[in-house]
Q: 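Would you mind keeping the following structure in view while I ask a few things?
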Amino acid sequence: MTRSLRLTIAVATAAVAALALSACSAGGSSADGTVTDGKLTIATGQPAYSPWVEDNKPQSGKGFESAVAYAVAKEMGYSKADVVWKRSTFDSAIAPGPKDWDLNVQQFSIDAKRKKAVDMSSAYYTTTQAVVTTQKSKAVDHTTIDELKKDAIGVATGSTSIASVKSVLGVTPQVFNSNDDAVLALKSGQIDAIVTDLPTAFYMASAQLDDGTVSAQFPADGKGDQFGFVLPKDSELTSKVDKALKTLSDDGTLKDLQTKWLSSETNTPVLK
């Protein structure tokens, strides 16, 4: 084999590899724009936590994000049997480069910086504020505004929770340097409850407190972080996911799933 022929083959091989990577990054080269023809590959974290995914089994359809993912898939024309689940880290999902999945769902806040590296769908959920307390706290059974305003409430400095406590409860909370400091204050009995965004509240209750519970959530005000699906940059599927989410929002499906998995199933009533 001559040197020029070897060079020609090498250049051709590199070009094919580049095209393959480009196709993978943009959501696959199959007829329907997915990484596997006829299948919708959805990724989530390992492990995936309740109430977003129940029992770390996204394929069950149980848990808010698992249920939303299957609802979106159905609107896009994929049956439950056509959905393939994969696992990925949070950071790798939002990093530039090729992906081996079509959608990724693990509480990704929509932001402009992330959109430079990946596509993000429209929102499937806007976070609300929630109340975290312990089983031994007097606030554990306080699920109305009138009850909760009598408790000592802690929040982290710089958080939107401060304004929410003032506007909804009509009281001034104790402000701590961080969520961790607020957790320590709750453990020591310095405060009766913490107000933070709902995803953080579930994390605190399950991972930072031995007897923690999310006892209530604030009424939705539309001002929280918006969660969206992550897709490979310039994916052919982004507009289809947005269309599916609009349908699910318009017909009330997203609201019903939110009520079921983030309120009823978790026994987290909305404050009244």
Side-chain angles (χ1 to χ4, degrees), residues 20-21 23-95 97-110 114 118-125 199 202 226-262 264-266:
L21 283 175
C24 185
S25 179
S29 57
S30 65
D32 58 359
T34 58
V35 294
T36 302
D37 197 17
K39 301 291 184 181
L40 188 65
T41 304
I42 306 177
T44 192
Q46 176 65 284
Y49 294 102
S50 175
W52 314 104
V53 173
E54 293 299 312
D55 300 318
N56 194 28
K57 295 178 180 178
Q59 67 274 15
S60 70
K62 296 180 179 180
F64 179 62
E65 289 187 332
S66 178
V68 169
Y70 276 117
V72 168
K74 183 178 180 180
E75 284 298 322
M76 293 172 66
Y78 296 94
S79 69
K80 190 171 183 178
D82 292 331
V83 174
V84 178
W85 286 95
K86 288 181 111 32
R87 303 294 184 140
S88 85
T89 64
F90 189 98
D91 290 340
S92 69
I94 57 176
K99 312 297 182 186
D100 61 355
W101 39 260
D102 301 308
L103 314 177
N104 202 310
V105 57
Q106 43 183 315
Q107 304 110 68
F108 295 105
S109 295
I110 299 170
R114 288 175 179 169
V118 293
D119 281 3
M120 296 203 74
S121 74
S122 53
Y124 59 83
Y125 173 64
F202 281 121
Q226 293 186 315
F227 290 171
F229 288 92
V230 166
L231 298 92
K233 189 65 178 171
D234 300 324
S235 170
E236 297 176 36
L237 301 180
T238 304
S239 61
K240 297 177 183 179
V241 173
D242 286 346
K243 182 179 179 181
L245 287 170
K246 184 178 188 308
T247 298
L248 295 170
S249 177
D250 290 346
D251 69 13
T253 298
L254 290 180
K255 184 178 180 181
D256 289 345
L257 291 177
Q258 181 178 326
T259 299
K260 177 178 181 179
W261 293 108
L262 302 182
S264 299
E265 292 287 337
T266 58

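Bear in mind the structure is a predicted one, so any value in this text is a computation, not a measurement. Numbering of residues begins at 1 and proceeds along the displayed sequence.
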Q: Test side-chain contact (heavy atoms from CB on, under 4.5 Å) on Val241 and Leu231; report intermediate values, then the result.
A: CA-CA 10 Å; Val241 173; Leu231 298 92; 4.0 Å; yes
Q: May I ask you to decide if the ring planes of Phe229 and Tyr124 are parallel, tilted or perpendicular, using 30° and 60° as cut-offs?
A: tilted
Q: Is the shortest heavy-atom distance from the side chain of Lys99 to the side chain of Val118 under 4.5 Å?
A: yes
Q: Where do Ala244 and Glu75 come nearest, in terms of heavy atoms and distance?
A: CB-CB, 3.6 Å
Q: In Å, rounded to the nearest 0.5 Å, how long is the span from OG1 of Thr247 to NZ of Lys74?
A: 12.5 Å
Q: Do the side chains of Lys246 and Asp250 get close enough for a salt bridge, i.e. N-O under 4.0 angstrom?
A: yes
Q: For Ser235, does its backbone N or O pair with a side-chain atom of Asp119 as donor and acceptor, under 3.5 Å?
A: yes
Q: Minimum heavy-atom separation for Leu40 and Ala73, please, with both atom names.
A: CD2-CB, 3.7 Å
Q: Please lay out, stage by stage, how Tyr78 and Asp102 fare under the test side chain to side chain donor-acceptor pair (under 3.5 Å).
A: CA-CA 13 Å; Tyr78 296 94; Asp102 301 308; over 6 Å; no
Q: Is there a donor-acceptor contact under 3.5 Å linking the side chains of Ser79 and Asp82?
A: yes
Q: Which atom pair, heavy atoms only, marks the closest approach of Trp261 to Ala67?
A: NE1-CB, 3.7 Å
Q: When rounded to the nearest 0.5 angstrom, what is the spacing between CD1 in Ile94 and CD in Gln106?
A: 9.0 Å
Q: Which distance, rounded to the nearest 0.5 Å, do you find between the CZ of Arg114 and the OG of Ser109?
A: 5.5 Å
Q: Carefully, step by step, assess Leu245 and Ser121 under the rule side-chain contact (heavy atoms from CB on, under 4.5 Å).
A: CA-CA 9 Å; Leu245 287 170; Ser121 74; 3.6 Å; yes
Q: Work out which heavy atom in Phe64 is nearest to a heavy atom in Leu254; give both atom names and the distance.
A: CE1-O, 4.2 Å
Q: Heavy atoms, side chains only, cut-off 4.5 Å: are Gln59 and Tyr70 in contact?
A: yes
Q: Kindly give the heavy-atom pair with the smallest separation between Leu237 and Asp32, and that separation in Å.
A: CD2-O, 3.5 Å
Q: Could you check whether any side-chain heavy atom of Val84 comes within less than 4.5 Å of a side-chain heavy atom of Thr36, counting everything from C-beta outward?
A: no
Q: Say you draw a straight line from CG of Leu257 to CD of Glu65; how long is it, rounded to the nearest 0.5 Å?
A: 11.5 Å
Q: Just verifying a value: how many Å separate Leu103 CG and Lys240 NZ, rounded to the nearest 0.5 Å?
A: 11.5 Å
Q: Name the residue from Asn104, Thr44, Asn56 that meets the side chain to side chain donor-acceptor pair (under 3.5 Å) definition with Arg87.
A: Asn56
Q: For the atom pair OG (Ser122) and CD (Gln226), what is the distance rounded to the nearest 0.5 Å?
A: 9.0 Å
Q: Does Lys243 NZ have over 12 foreign heavy atoms under 6.0 Å away?
A: no
Q: Asp256 vs Thr259, test: side chain to side chain donor-acceptor pair (under 3.5 Å). Steps then yes/no.
A: CA-CA 5 Å; Asp256 289 345; Thr259 299; 5.5 Å; no
Q: Centroid-to-centroid, Phe202 to Tyr49, below 6.0 Å?
A: no
Q: Restricting to non-hydrogen atoms, name the atom on Ser66 and the atom on Gly61 that form the minimum distance, rounded to 0.1 Å.
A: OG-CA, 3.1 Å
Q: Is it the case that Asp251 and Thr253 place a side-chain donor and acceptor less than 3.5 Å from each other?
A: yes
